[in-house]
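Below is one structure; the comments refer to it alone.
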Amino acid sequence: MANEQNLIPYGKGNRSESEEREMRSKGGKRSGETRRRKAALRDTMNRLLTMQVEVEGLSDILRSDGGESTYEEVIAMAMIQQASLGDVKAYQAIMKTVGQTDKSEADLEEQRSKVELNKARKEDITGENENDEALDRLDQILKEVRDNAVKQETK
């Protein structure tokens with residue numbers, strides 16, 4: 001990397017404490033500005049998506065089904081139309097929006113077991129909430145995951 005030698009970590013260079021404090025302050029202010037700008041964009045987008053819109057033929061259908069003919073509803077209908085024409089990305093976006101997943105039950109169980117394992121490791125490292133019951137439960141979950149994997153491989 002050509003410019004790695006130019007990177008000077010805080011506390012390890014010839015900058016004074018006040019210079020470093022000023023640089024951190026500028027970074028914090030810029031970060032705050034960016035977060036506020038992104039929040040304002042989200043608010044604007046939410047406001048615009050909930051605005052009512054008139055789309056010939058579609059607005060009447062949405063209202064007859066109890067909708068309000070907002071941009072959100074029109075976009076959702078367009079996604080449904082694209083998915084019905086075979087657009088897999090539109091279908092996946094719909095499934096994600098409604099909270100459905102393409103992961104199998106074994107994948108979800110494995111994910112839960114990894115979370116449990118990480119919790120157990122954290123408890124082991126920090127010494128907080130050392131609990132044999134939690135470790136036994138973790139062992140049980142891992143055994144179930146292994147058993148499920150073996151069952152699926154044999155099918």
Discussion item. Looking at every heavy atom in both V145 and E109, which two are closest together, and how far apart are they?
Written reply: CG2-CG, 3.7 Å

Discussion item. Tell me which pairs pass side-chain hydrogen bond (donor to acceptor under 3.5 Å, both in side chains) where either residue lies in residues 74-89, with sequence neighbours left out.
Written reply: none

Using residues 27-35 as the side-chain source, report each donor-acceptor pair under 3.5 Å to any protein atom, sequence neighbours left out, with the distance given to one decimal.
residue: S31; atom: OG; partner: R35; partner atom: NH1; Å: 2.8
residue: T34; atom: OG1; partner: R30; partner atom: O; Å: 3.0

Fill in: Set of salt bridge (charged side-chain N to carboxylate O under 4.0 Å, His left out) partners for R21, sequence neighbours left out
none

For residues 61-71, which side-chain N or O atoms pair as donor and acceptor with protein atoms under 3.5 Å away, sequence neighbours left out?
residue: R63; atom: NH2; partner: E54; partner atom: OE1; Å: 2.6
residue: S64; atom: OG; partner: D60; partner atom: O; Å: 3.4
residue: S64; atom: OG; partner: I61; partner atom: O; Å: 2.8
residue: S69; atom: OG; partner: V53; partner atom: O; Å: 2.6
residue: S69; atom: OG; partner: S59; partner atom: OG; Å: 2.7
residue: T70; atom: OG1; partner: E73; partner atom: N; Å: 3.3

Worksheet entry | With sequence neighbours excluded, residues passing side-chain hydrogen bond (donor to acceptor under 3.5 Å, both in side chains) with R146 | none

Worksheet entry | Set of residues satisfying salt bridge (charged side-chain N to carboxylate O under 4.0 Å, His left out) with respect to K114, sequence neighbours excluded | E110

Practice prompt. Could you list the residues that satisfy salt bridge (charged side-chain N to carboxylate O under 4.0 Å, His left out) with K26, not counting sequence neighbours?
Written response: E22

Worksheet item: Do other residues, nucleotides or ligands put more than 12 heavy atoms under 6.0 Å from the CE atom of M95?
Response: yes

Practice prompt. Determine, step by step, whether L49 and I75 satisfy the side chain to side chain contact (heavy atoms under 4.5 Å, CB included) criterion, reporting the C-alpha distance in whole Å, the side-chain angles of both residues, the deciding distance to 0.1 Å, and the verdict.
Written response: CA-CA 9 Å; L49 284 171; I75 291 169; 3.7 Å; yes

Discussion item. Is there a continuous path of hydrophobic side-chain contacts, each under 4.5 Å between heavy atoms, that joins L142 to V115?
Written reply: no

Item to complete: Examine Y91 and M79 and state if one hydrophobic cluster contains both, with Ile, Leu, Val, Met, Phe, Trp and Tyr joined whenever side-chain heavy atoms are less than 4.5 Å apart.
Response: yes

Practice prompt. Name all residues meeting the side-chain hydrogen bond (donor to acceptor under 3.5 Å, both in side chains) criterion together with S18; count only those two or more places apart in sequence or in a different chain, and write none if there are none.
Written response: S16

Worksheet, complete the sentence: Residues passing the side-chain hydrogen bond (donor to acceptor under 3.5 Å, both in side chains) test with D147, sequence neighbours excluded, are K143

Worksheet item: Of all residues at least two apart in sequence or in a different chain, which pass the side-chain hydrogen bond (donor to acceptor under 3.5 Å, both in side chains) check with E144?
Response: Q140

Item to complete: Kindly state each residue pair satisfying side-chain hydrogen bond (donor to acceptor under 3.5 Å, both in side chains) with at least one member in residues 37-53, sequence neighbours excluded.
Response: none

